[in-house]
J.: 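Just dropping this structure here.
Quick note: residue numbers are just sequence positions, from 1. Values below: all heavy atoms of this structure, side chains included; hydrogens, waters and symmetry mates excluded.
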Amino acid sequence: MITIRLKKAALLLGAALLSSLFAAPAQAQYQAAWRFNPPPGLTVTTEKPRHGLMLQANVQVHPAYIKQIVNYPTSERSGTVVVDTRAHFLYFVLGDGRALRYGIGVARDGFEWSGTHRVTRKAEWPSWTPPAEMRKRQPGLPARMDGGPNNPLGARALYLGSTLYRIHGTNEPWSIGQNVSSGCIRMTNADVIDLYGRVQMNTKVVVM
């Protein structure tokens, strides 16, 4: 009986040693992952997510276009939106020489534009009615598409003045940083939801 107990104790001790040998590198690796600051533009937070999109990591967007606070000296008032189409950045002016910067997709060749407008409408999961000119260029487009994940306008839209242009989300996040649209300003769905919550009606939008 004593021999059996000794063998059982030895087996348990051996299992514990093996477990510690295999667990130690994993634990060390986990701890090492938090020894360094996150990449620029990313913040580690314990905040409760407000919606499911906050749980998603987007590997299709270049790190340069991740939302971040940057130095941005400007004469524009805080709350103004400035769109730099050449750099593929949208700035939400915070004041004190800073702005919240987002990556964007902009107009392709032949559809560029610039000007100053106001936000005249805001919509969540907007429907899409392609203009007649666009349907003529692309006959396969529907006359109208209800809002939703498959809609090209994405999760939110900010309508600019009386123009046909909008700042909106996209179901093609890989297009951020590219010249791809017919004039509208594209953002990832997560970013346009964030901007939508900050921008008020009649906000000034400067497109350069």
Side-chain angles (χ1 to χ4, degrees), residues 41 53 58 60-68 70 72 74 76 79-93 99-196 198-208:
L53 288 171
N58 195 336
Q60 297 168 314
V61 176
H62 190 281
Y65 301 118
I66 293 175
K67 179 185 70 175
Q68 56 189 288
V70 298
Y72 190 68
T74 179
E76 299 292 348
T80 301
V81 174
V82 180
V83 180
D84 186 340
T85 58
R86 181 170 296 183
H88 300 93
F89 290 131
L90 181 150
Y91 297 89
F92 180 79
V93 178
L100 190 56
R101 189 183 76 186
Y102 306 84
I104 56 174
V106 299
R108 60 183 183 272
D109 291 345
F111 292 86
E112 304 94 336
W113 65 282
S114 60
T116 300
H117 294 282
R118 298 277 176 176
V119 174
T120 50
R121 182 187 168 204
K122 298 173 63 178
E124 299 185 12
W125 294 106
S127 61
W128 180 45
T129 303
E133 297 82 359
M134 183 180 291
R135 293 182 64 197
K136 186 176 181 179
R137 293 192 305 269
Q138 300 172 261
L141 292 178
R144 184 183 181 279
M145 182 182 290
D146 290 335
N150 295 323
N151 191 303
L153 298 187
R156 303 288 186 272
L158 303 172
Y159 294 77
L160 306 180
S162 59
T163 72
L164 296 175
Y165 302 125
R166 291 150 293 208
I167 299 170
H168 63 78
T170 181
N171 54 12
E172 299 177 339
W174 55 88
S175 65
I176 301 304
Q178 308 296 320
N179 296 47
V180 289
S181 77
S182 296
C184 288
I185 308 302
R186 297 184 180 187
M187 307 177 71
T188 65
N189 279 332
D191 281 354
V192 79
I193 288 174
D194 183 84
L195 180 67
Y196 186 96
R198 300 174 189 275
V199 169
Q200 305 298 317
M201 289 291 293
N202 206 41
T203 289
K204 181 181 180 182
V205 179
V206 181
V207 179
M208 302 186 294

J.: What residues form a ring pair (Phe, Tyr, Trp, His ring centres under 6.0 Å) with Phe92, not counting sequence neighbours?
T.: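 Expected list: none.
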J.: Starting at NE2 of His88, measure out to CD1 of Ile176 and round the result to the nearest 0.5 Å.
T.: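 Nearest 0.5 Å value for the NE2-CD1 distance: 9.5 Å.
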J.: Do Phe89 and Val70 have side chains that approach each other closer than 4.5 Å (heavy atoms only, starting at C-beta)?
T.: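 Result no, sub-4.5 Å side-chain heavy-atom pair not found.
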J.: Quick one: pull up SG in Cys184 and CH2 in Trp113 and give me the separation to the nearest 0.5 Å.
T.: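 Interatomic distance, Cys184 SG to Trp113 CH2, rounded to 0.5 Å: 8.5 Å.
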J.: What are the two closest non-hydrogen atoms of Pro152 and Met145, and how far apart are they?
T.: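 Answer, listing the atom of Pro152 first, then Met145: CD-SD, 3.6 Å.
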J.: How would you list, by chain and number, every residue that makes a salt bridge (Lys or Arg N to Asp or Glu O under 4.0 Å) with Asp146, sequence neighbours excluded?
T.: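 Testing Asp146 for salt bridge (Lys or Arg N to Asp or Glu O under 4.0 Å), a comparison that skips the adjacent residues, returns Arg144.
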J.: Mind checking whether Gln200 and Val119 have side chains closer than 4.5 Å, heavy atoms only?
T.: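 Result no, sub-4.5 Å side-chain heavy-atom pair not found.
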J.: Does any N or O in the side chain of Thr85 come within less than 3.5 Å of the main-chain N or O of Met208, such that one atom is a donor and the other an acceptor?
T.: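 Yes: the side chain of Thr85 pairs with the backbone of Met208.
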J.: Who passes side-chain contact (heavy atoms from CB on, under 4.5 Å) against Ala64, sequence neighbours left out?
T.: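 Checked Ala64 against side-chain contact (heavy atoms from CB on, under 4.5 Å); matches are His62.
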J.: Below 3.5 Å, can you tabulate the donor-acceptor pairs from side chains in residues 164-171 to any protein atom, sequence neighbours excluded?
T.:
unit_1: Thr170; atom_1: OG1; unit_2: Glu172; atom_2: N; d: 2.9
unit_1: Asn171; atom_1: ND2; unit_2: Asn150; atom_2: O; d: 2.8

J.: Measure the spacing between NE2 of His117 and OG1 of Thr163 and express it to the nearest 0.5 Å.
T.: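 Rounded to the nearest 0.5 Å, the NE2-OG1 separation comes to 5.0 Å.
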J.: Going by the rule side-chain contact (heavy atoms from CB on, under 4.5 Å), which residues pair with Arg121 if we only count those two or more places apart in sequence or in a different chain?
T.: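 Result, side-chain contact (heavy atoms from CB on, under 4.5 Å) vs Arg121: Ala123, Tyr159.
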J.: Here's a test for you: under side-chain contact (heavy atoms from CB on, under 4.5 Å), which of Leu100, Ile185, Val199, Val93 qualifies with Val81?
T.: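 Exactly one pass, corresponding to Val199.
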J.: In Å and rounded to the nearest 0.5 Å, what is the CZ to CD1 distance from Arg156 to Ile193?
T.: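 Output value for this atom pair is 4.5 Å.
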J.: Can you name the closest pair of heavy atoms from Tyr72 and Ala99 and give their distance?
T.: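 Reported closest heavy-atom pair: CB-CB, 3.6 Å.
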J.: If I compare all heavy atoms of Arg186 with all of Ser175, which pair ends up nearest, and what's the gap?
T.: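 Scanning both residues, the minimum pair turns out to be NH1-OG, 3.1 Å.
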J.: Determine which pairs satisfy salt bridge (charged side-chain N to carboxylate O under 4.0 Å, His left out) with at least one residue from residues 198-207, sequence neighbours left out, and list them in order.
T.: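 As it turns out, the salt bridge (charged side-chain N to carboxylate O under 4.0 Å, His left out) pairs with a partner in residues 198-207, which skip direct neighbours, are Glu76-Lys204, Asp194-Arg198.
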J.: Which heavy atom in Pro126 sits nearest to a heavy atom in Leu153, and how many Å separate them?
T.: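 Looking at all heavy atoms of both residues, the shortest contact is CG-CB, 3.7 Å.
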J.: Say you draw a straight line from OG1 of Thr188 to CD1 of Ile104; how long is it, rounded to the nearest 0.5 Å?
T.: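 With rounding to 0.5 Å, OG1 (Thr188) is 11.5 Å from CD1 (Ile104).
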J.: To the nearest 0.5 Å, tell me how far Leu195 CG sits from Lys122 NZ.
T.: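 Taking CG in Leu195 and NZ in Lys122, the distance rounds to 8.5 Å.
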